[in-house]
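Structure first, commentary second.
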Amino acid sequence: ITSVMQFDRGDLTYIFSVANEMRSMVRTVGATDLLKGYVLANLFYEPSTRTSSSFIAAMERLGGSVIPIHGVQYSSVSKGESLPDTIRTLECYADVIVLRHPEVGASEVAARYASKPVISAGDGVGEHPTQGLLDLYTIFSELGTVDGLHVALIGDLKNGRTVHSLARLLRLYETRLTFVSPDTLRLPGDVKGQLLDAGREVRECAAVEDIITDADVLYVTRVQKERFGDMRDYEAVKDCYTITTELMSRAKEHMALMHPLPRVGEIQYDVDADPRAAYFRQMENGMYIRMALLAAVLGKA
Ligand code: ASP
């Protein structure tokens with residue numbers, strides 16, 4: 001799983017139905033032995049809290065085990081080992097590899113060299129396919145549908161890989177999309193082109209106020225500090241949007257406020273009590289989606 005472009009609506013319906021089953025299973029009995037005897041290599045070249053721990057929890061709740069490599073500085077990567085060699089090594093011990101890497105396309109490279117399934121956990125500023133899936137799954141669970149919705153994606157649309165994956169998935173549904181960002185952080189042209197080719201209605205604007213009363217989903221993102229070469233450019237845009245209770249008072253009664261997290265000021269803490277604040281449920285959903293994906297790639301779904 002290296003890009004959401006590999007999925008059609010049928011695949012998504014299937015993955016979400018398996019995720020629903022995983023959710024009921026976890027809520028009723030907590031764990032199963034579906035993947036007993038299977039090993040996951042969790043290889044992270046960039047920091048992670050939710051993605052890495054939810055993959056570990058997913059594998060363990062399915063009865064499997066995990067080789068966690070989260071500080072590549074302590075592995076042979078720091079001795080100069082190449083990604084293909086690291087992948088070839090890990091697949092001797094594991095049945096599936098989850099990879100987070102700072103370079104766009106790294107998971108494609110890994111998948112080319114691996115004979116075991118590779119799941120991208122984020123490729124630099126490229127894609128974050130499992131996050132896109134859990135985001136879409138969250139929209140379904142919060143609002144019951146995706147067709148017909150107005151989805152507004154806000155913040156660092158240029159560097160935010162979760163935005164790239166979610167936007168590409170939304171092209172498969174009858175959605176209206178508004179991209180809200182400062183001029184320097186606009187959605188990349190290739191993603192916009194894919195949406196337009198799919199017949200989606202795409203708008204771009206700079207102010208949340210323009211869409212707050214009409215959006216069914218507000219998908220807020222962090223300005224990706226680590227992608228800026230010049231910190232002065234980051235400083236200029238870092239506080240561009242803040243969701244406050246006052247702003248939420250103008251939003252629809254039935255809508256979802258989402259964020260892939262971590263947040264660094266984009267959503268004020270007092271918004272958390274609002275029932276439309278879906279970001280904590282969203283991150284819980286990540287585990288069910290990753291359980292579904294692990295079971296699927298290992299032929300056990
Ligand atoms: N956790 C997400 C990612 O890894 C979002 C973020 O870092 O802003 O892309």
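Counting begins at 1 with the first residue of the sequence. Each ligand, and each atom within it, is numbered from 1 in the order the structure gives.
- Under a 4.0 Å heavy-atom criterion, Glu46 is not in contact with ligand 1.
- If you check which protein heavy atom lies closest to atom 4 (O) of ligand 1, you get Arg161 NH2, 2.8 Å.
- Not one N or O of Pro260 is nearer than 3.5 Å to an N or O of ligand 1, by distance alone.
- The aromatic ring centroids of Phe55 and Phe44 lie 6.0 Å or more from each other.
- Side-chain contact check for Arg161 versus Arg227: some heavy-atom pair is nearer than 4.5 Å.
- If you take CD on Glu46 and NE2 on His101, they are separated by 8.5 Å, rounding to the nearest 0.5 Å.
- Taking the six-membered ring for Trp and thresholds of 30 and 60 degrees, Phe16 and Tyr137 have ring planes inclined between 30 and 60 degrees apart.
- Here the CD atom belonging to Glu284 is positioned 9.5 Å from the OG atom belonging to Ser141, to the nearest 0.5 angstrom.
- The protein atom (non-hydrogen) at minimum distance from atom 1 (N) of ligand 1 is Leu261 O, 3.0 Å.
- Near Arg222, the atoms of ligand 1 lying under 4.0 angstrom from a non-hydrogen atom of the residue are 6 (C), 7 (O), 8 (O).
- Of the N or O atoms in Gln224, one or more lie within a sub-3.5 Å distance of an N or O in ligand 1.
- Geometrically, ligand 1 and Glu226 share no nitrogen or oxygen pair separated by less than 3.5 Å.
- Under the 3.5 Å distance criterion, with hydrogens and angles disregarded, no donor-acceptor pair is assigned to the side chains of Ser52 and Arg100.
- Residue Pro262 approaches ligand 1 through these ligand atoms, each under 4.0 Å from one of its heavy atoms: 1 (N), 6 (C), 7 (O).
- Counting heavy atoms closer than 4.0 Å to ligand 1, residue Arg100 contributes side-chain atoms (C-beta onward) but none from N, CA, C or O.
- By the 30° and 60° cut-offs, the orientation of the rings of Tyr234 relative to Phe228 is perpendicular.
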